[in-house]
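Ligands are counted one by one from 1 in listed order, and the atoms in each one are counted from 1 as well.
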Amino acid sequence: MQTVKMNNNLEIPILGFGTWQIPEGKAAYESVRYALKVGYRHIDTAAAYGNEASVGRAIRESGIAREEIFLTTKLHNNDHGYNQTKEAFLESLTKLDTDYVDLYLIHWPNPIASRSHWQDANRGSWKAMEEFVGQGLIKSIGISNFREHHIESLLEKAEIKPQVNQIRLFAGEQQGKLVQYCKDNQMVLEAYSPLGTGALLCSPLVQSIAEEVGKSPAQVCLRYDVQKGHVVLPKSVTPSSILQNKEIFDFTLDEKQMAQLDEMENICGPTQNPDETSF
Ligand code: A2P
């Protein structure tokens with residue numbers, strides 16, 4: 001599996017299995033088990049997804065050595081701040097039933113629960129996360145849905161620079177300035193909703209490129225992100241799609257196809273402003 005090197009010299013597999021919107025229980029357990037069976041070695045979950053227990057059980061019962069799997073989870077919006085983060089992370093670790101996570105992210109920069117003091121709350125969370133890195137309970141730390149001003153505020157006090165920023169990224173939603181800012185600050189970009197939660201698969205352009213290269217629309221979308229150097233996190237509960245989404249390393253999109261996708265309009269709806277979310 002192709003990997004990307006983070007600014008702490010650790011490697012992250014460029015393809016991960018996204019579990020947002022996969023319900024806790026049978027669906028999460030079976031889809032993660034299947035993803036691991038067919039070769040995924042990177043699983044992305046979050047406290048807010050509510051499925052950490054099933055994700056953890058699927059990893060454990062897969063029989064694959066823990067150190068062969070890259071596991072990410074994220075801090076819940078209600079748990080920002082130093083003490084809350086300490087508790088919340090340990091709770092995630094217990095639910096996942098593992099000794100460490102490979103990557104822990106602040107899920108949203110400015111949740112409603114700490115909106116009046118989001119800068120201090122994020123810095124407190126970050127300090128707690130840095131301490132867990134020191135203790136070996138977290139290997140890498142990062143952020144999600146952060147924009148430039150959120151990152152600047154965090155960097156003022158951070159001892160460890162974020163290793164990744166996980167954001168909504170797909171053909172038509174390039175977040176160009178933010179992506180450049182993250183790259184300038186040595187962060188790997190992780191693309192969530194790389195299929196536009198499915199909506200991108202209906203794009204006539206994506207479909208026509210898929211025909212040209214003899215691949216599916218989903219594979220074209222994922223390949224597009226991978227060629228940009230982004231980590232991709234497709235979600236599916238359908239075994240044939242889980243398998244298909246992995247087969248993206250045996251073809252290349254040419255310059256013209258990449259340029260056409262670069263110029264696409266966003267057909268999947270605007271990305272939420274994290275300073276205005278209601279959660
Ligand atoms: P399902 O989970 O029912 O299999 P994203 O990763 O951008 O969030 O997109 C996830 C959506 O795309 C889900 O609705 C998922 O459906 C669907 N999906 C994932 N992979 C494929 C695929 N290869 N072909 C068609 N639909 C897919």
Side-chain angles (χ1 to χ4, degrees), residues 1 12-46 48-51 54-55 58 70 72-74 105 107-108 144-145 164-175 179 189-228 230-251 253 261 264-272 277 279:
M1 170 68 71
I12 180 168
I14 199 159
L15 172 69
F17 183 68
T19 66
W20 178 42
Q21 293 181 327
I22 306 187
E24 167 69 339
K26 193 172 177 324
Y29 175 78
E30 287 185 356
S31 54
V32 173
R33 270 304 291 269
Y34 187 73
L36 291 169
K37 183 176 164 206
V38 300
Y40 288 76
R41 289 294 179 269
H42 172 179
I43 310 291
D44 183 277
T45 182
Y49 301 169
N51 57 21
S54 295
V55 168
F70 189 102
T72 300
T73 193
K74 312 184 190 84
L105 308 180
H107 203 154
W108 286 89
S144 182
N145 298 297
V164 312
N165 191 10
Q166 184 180 125
I167 60 175
R168 189 166 175 261
L169 269 186
F170 46 77
E173 179 55 311
Q174 284 295 289
Q175 307 216 42
V179 165
L189 275 307
E190 290 191 284
Y192 76 75
S193 301
L195 311 174
T197 57
L200 209 47
L201 308 181
C202 305
S203 151
L205 174 64
V206 171
Q207 289 176 351
S208 80
I209 294 176
E211 260 183 47
E212 282 169 26
V213 295
K215 285 285 184 172
S216 74
Q219 289 168 322
V220 167
C221 295
L222 299 173
R223 181 71 206 174
Y224 172 73
D225 279 317
V226 161
Q227 280 184 220
K228 292 204 160 268
H230 305 329
V231 171
V232 273
L233 303 166
K235 168 265 177 186
S236 177
V237 292
T238 311
S240 56
S241 295
I242 295 173
L243 187 58
Q244 186 190 100
N245 294 347
K246 215 190 118 252
E247 307 304 325
I248 55 170
F249 299 101
D250 57 354
F251 74 108
L253 299 172
L261 293 167
M264 238 185 101
E265 277 186 34
N266 182 358
I267 58 165
C268 307
T271 297
Q272 280 183 301
T277 51
F279 47 81

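- Residue-level proximity to ligand 1 for Leu201 is carried by the side chain, the only part with a heavy atom below 4.0 angstrom.
- Here the side chain of Gln174 pairs no donor or acceptor atom with the backbone of Leu169 at under 3.5 angstrom.
- Expressed to the nearest 0.5 Å, how far CD1 of Ile248 lies from CG of Leu222 amounts to 5.0 Å.
- Looking only at protein heavy atoms, the nearest one to atom 18 (N) of ligand 1 is Leu195 CD1, 3.9 Å.
- By the criterion of a heavy-atom distance under 4.0 Å, the side chain of Ala218, and not its backbone, is placed next to ligand 1.
- By the criterion of a heavy-atom distance under 4.0 Å, neither the backbone nor the side chain of Pro217 is placed next to ligand 1.
- Of all protein heavy atoms, the one closest to atom 20 (N) of ligand 1 is Asn245 ND2, 3.0 Å.
- If you look at Leu200 next to ligand 1, there are no close heavy atoms at all, none under 4.0 Å.
- Under a 4.0 angstrom heavy-atom cut-off, Ser216 registers as lying outside contact with ligand 1.
- At a heavy-atom distance under 4.0 Å, atoms from both the backbone and the side chain of Lys235 approach ligand 1.
- Among protein heavy atoms, atom 8 (O) of ligand 1 sits closest to Thr197 CA, 3.5 Å.
- Relative to atom 24 (N) of ligand 1, the option among Gly18, Gly196, Cys221, Ser241 with the closest non-hydrogen atom is Ser241.
- Ring-plane geometry between Phe17 and Tyr40 is classed as perpendicular, the angle between the planes exceeding 60 degrees on a 0 to 90 degree scale with a lower cut at 30.
- No more than 12 heavy-atom neighbours from other residues, nucleotides or ligands sit within 6.0 angstrom of NZ on Lys37.
- For atom 12 (O) of ligand 1, the nearest non-hydrogen atom of the protein is Gly198 CA, 3.6 Å.
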